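Single-structure report; data block below.
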4 protein chains.
Amino acid sequence: MPSQKINLEQLIEKSSYLFRTRGYHYTSISDIASYCNLSKASVYHYMPSKQALGAAVIKELHRSFRNEIFSIAFDEDLNPADRLKKYARKLENFFEDREGGCLVGNLALEVTGIIPEFEKLIREFFVEWIASLKQLISGKFSDQESQVIAEETLAQIQGALMVQRLFSDPKQLKRASARVAELLD
Amino acid sequence: MPSQKINLEQLIEKSSYLFRTRGYHYTSISDIASYCNLSKASVYHYMPSKQALGAAVIKELHRSFRNEIFSIAFDEDLNPADRLKKYARKLENFFEDREGGCLVGNLALEVTGIIPEFEKLIREFFVEWIASLKQLISGKFSDQESQVIAEETLAQIQGALMVQRLFSDPKQLKRASARVAELLD
Amino acid sequence: MPSQKINLEQLIEKSSYLFRTRGYHYTSISDIASYCNLSKASVYHYMPSKQALGAAVIKELHRSFRNEIFSIAFDEDLNPADRLKKYARKLENFFEDREGGCLVGNLALEVTGIIPEFEKLIREFFVEWIASLKQLISGKFSDQESQVIAEETLAQIQGALMVQRLFSDPKQLKRASARVAELLD
Amino acid sequence: MPSQKINLEQLIEKSSYLFRTRGYHYTSISDIASYCNLSKASVYHYMPSKQALGAAVIKELHRSFRNEIFSIAFDEDLNPADRLKKYARKLENFFEDREGGCLVGNLALEVTGIIPEFEKLIREFFVEWIASLKQLISGKFSDQESQVIAEETLAQIQGALMVQRLFSDPKQLKRASARVAELLD
DNA sequence: AATGAATGAGAATTCATTCAT
DNA sequence: AATGAATGAATTCTCATTCAT
């Protein structure tokens, strides 16, 4: 039946959900296909390989994070305190109804040392995340200090998402984002 | 040639290394067997299934964490400040040369939602971890406050291990354990 | 955008190249399509199936061999010795820059016993080839003798093409065609 | 059912038959498995990959050719004329009831340019084949002459096997081996 | 205690082909 | 005339597991 059932964007979004909630290795192309109401072969119409799909998913998340969250740190229309508040709020919103936590964090622990391509993409994502956090607090701290604080803050967020997922406890991220909001206090 | 080539303890230790550094799904029984210089079939002499082996590995890690680290929080021979220092130091030591970071944290993100048995064991581990952190600071904070701080501290440590692994950067855990040491300041 | 990108003749020629150099099974419709700058579906505008395309390729080669080479054996305008010389020369020229050797010989070993339709077409090709060689020497040998010599000559040529291909050695066919030229000596 | 159903030698022999009669690409692991009364997975118990199996099959044929045929050319116990006769006879016998002709010749045309490993093995086989033919006639011809004759003879044999297969005509090889026997006349 | 042999289930991927536009 | 979308069937290969020795 050759009428379009899905498009690349939707495939990536649906794959993103599965990779995030079930992991990369545990999600088979077959799982993705049936979740998209497609045949396995059709998945390959949109993406040449599972790894390419995984990479596309990471890149798409990176893109949307950049647009929705990182960019706030560089928004000249807001003052530093407002940037921070908005950043923290958006971050919280982002993961609020995102079952499975952070795809990139999850993948980080699943594929580091196994799939170098993903590792590189995840590192790029995290580097930019840290840079945005650094920017948020750059007015108050030295470059070195803010780098450390940014790294610790990212770790705090990722750790919170891990605990939150394991215990199905939405408070964890709330607190982590509250900590972000206090970064200039 | 029925001379014993390995024992259960060694099998668990070696499996622990592989699960930690390569993940659970990505580590096959075949990998474990050859890492132990055994045949695949022989692995099944010691463990009835891969999942049982995984569970044993988590339990063993839990046990050794309890003995080496959590117990410090309850050591009546030390004053609270010394407990904290020792705890932080031991924690740092524990992961210092442990390639791959924290098995339980890694597994948490890999198997949550997939293998309920592991999820339960990991939750028990983390619950005890949190309890020990709580105990360390119980003199200074209310029960509620110390619960929150303990959860955040665990998150901080796990997040640090994630970042550390991804960037091959040993400073991350050092800083996290330094934060632990400051918990009573 | 329904402007004609290719015609049947070109499709056959390009397919011929791919089948000859990569084999029938190893050449996919997808390979053919991209080599022709077409979509897979478009290949099916010109040919109802891969097998039909294969058959068309064999027939086209047969046709061009008949016109360019076999016909020489029956050219009443030349004397037997000149026919032979021209035949040998044309044969050598034909394969000179034809990467991959002889499509029909290659297919003979790839599809005999697998695709009866091809087998039949290849047999017809070879039967005519043998007949033309026979004709070339019919003046000097009995019917039986010339049949044997013709078969051996065809075998020599095909064997030479095989060795030539494997060792990237253009001398092999040169020698075989020299042998053809000497057939009346 | 863990009682041994086959051994490596038998697997190679049976695979050899299938590769020879149906070609490499057209013979699936599944075909091999069912021809051996094994499951697909069991084939991988003996060989790590299809390509490794193919290579083993070529090497085994090379080995048996060396032992049974090429060696005759270097047999000091025979005089040159007897060597030649024996060589020609053995060659004929070898292919007499070998449905499908010459595995290595067949593969040569199927995989040249596709599977470099096979190409190399086939070249080695043919180089030794040529060397043995050269040795047979070294007494009568110069090194250069005998190299040419050996190459032509190999081509003749392979071509004969091709024609023989296509036309199901056992006379082709008989004649080729007769030509071998006349090489010193 | 140790293992070689065997396997069913499932993984990723390819391929020839169809069809609505 | 050309193609994007879709697919069933098949391919190579992996994996956890069993069992007779």
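So that the names make sense, note that chain A is the first sequence line, chain B the second, and so on, each numbered from 1. For clarity, every value in this text was computed on a predicted model and none was experimentally measured.
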Spacing between [X] atom [atom1] and [N] atom [atom2], to the nearest angstrom:
X	N	atom1	atom2	answer
A:Ile32	E:dA11	CD1	C1'	12 Å
A:His45	E:dA16	NE2	P	17 Å
B:Lys5	E:dG4	NZ	P	8 Å
A:His25	E:dA12	NE2	P	10 Å

Closest to the [X] side chain: [options]?
X	options	value
C:Ser42	E:dT3, F:dA2, E:dT17	F:dA2
C:Gln4	F:dA6, E:dT3, F:dA2	F:dA2
D:Ser28	E:dT14, F:dT11, F:dT3	F:dT11
A:Lys40	F:dA10, F:dC15, F:dT7	F:dA10
A:Tyr44	E:dA6, E:dT14, E:dA16	E:dT14
B:Ser49	F:dT17, E:dT18, E:dT3	F:dT17
C:Ser39	F:dT3, E:dT3, F:dT12	F:dT3

>> Could you tell me if D:Glu110 and C:Tyr26 have a donor-acceptor pair between their side chains, going purely by distance under 3.5 Å?
In response: no
> Are D:Arg63 and D:Glu60 ion-paired here, with the side-chain N under 4.0 Å from a carboxylate O?
Replying inline: yes
> So B:Phe19 and B:Tyr24, would you call those rings parallel, tilted or perpendicular, with 30° and 60° as cut-offs?
Replying inline: tilted
>> Looking at D:Glu13, I'd like to know if its CD atom is crowded, meaning that more than 12 non-hydrogen atoms belonging to other residues, nucleotides or ligands lie closer than 6.0 Å.
In response: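 Count not over threshold, so no.
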> Are any of B:Tyr46's side-chain N or O atoms less than 4.0 Å away from OP1 or OP2 of E:dA2?
Replying inline: yes
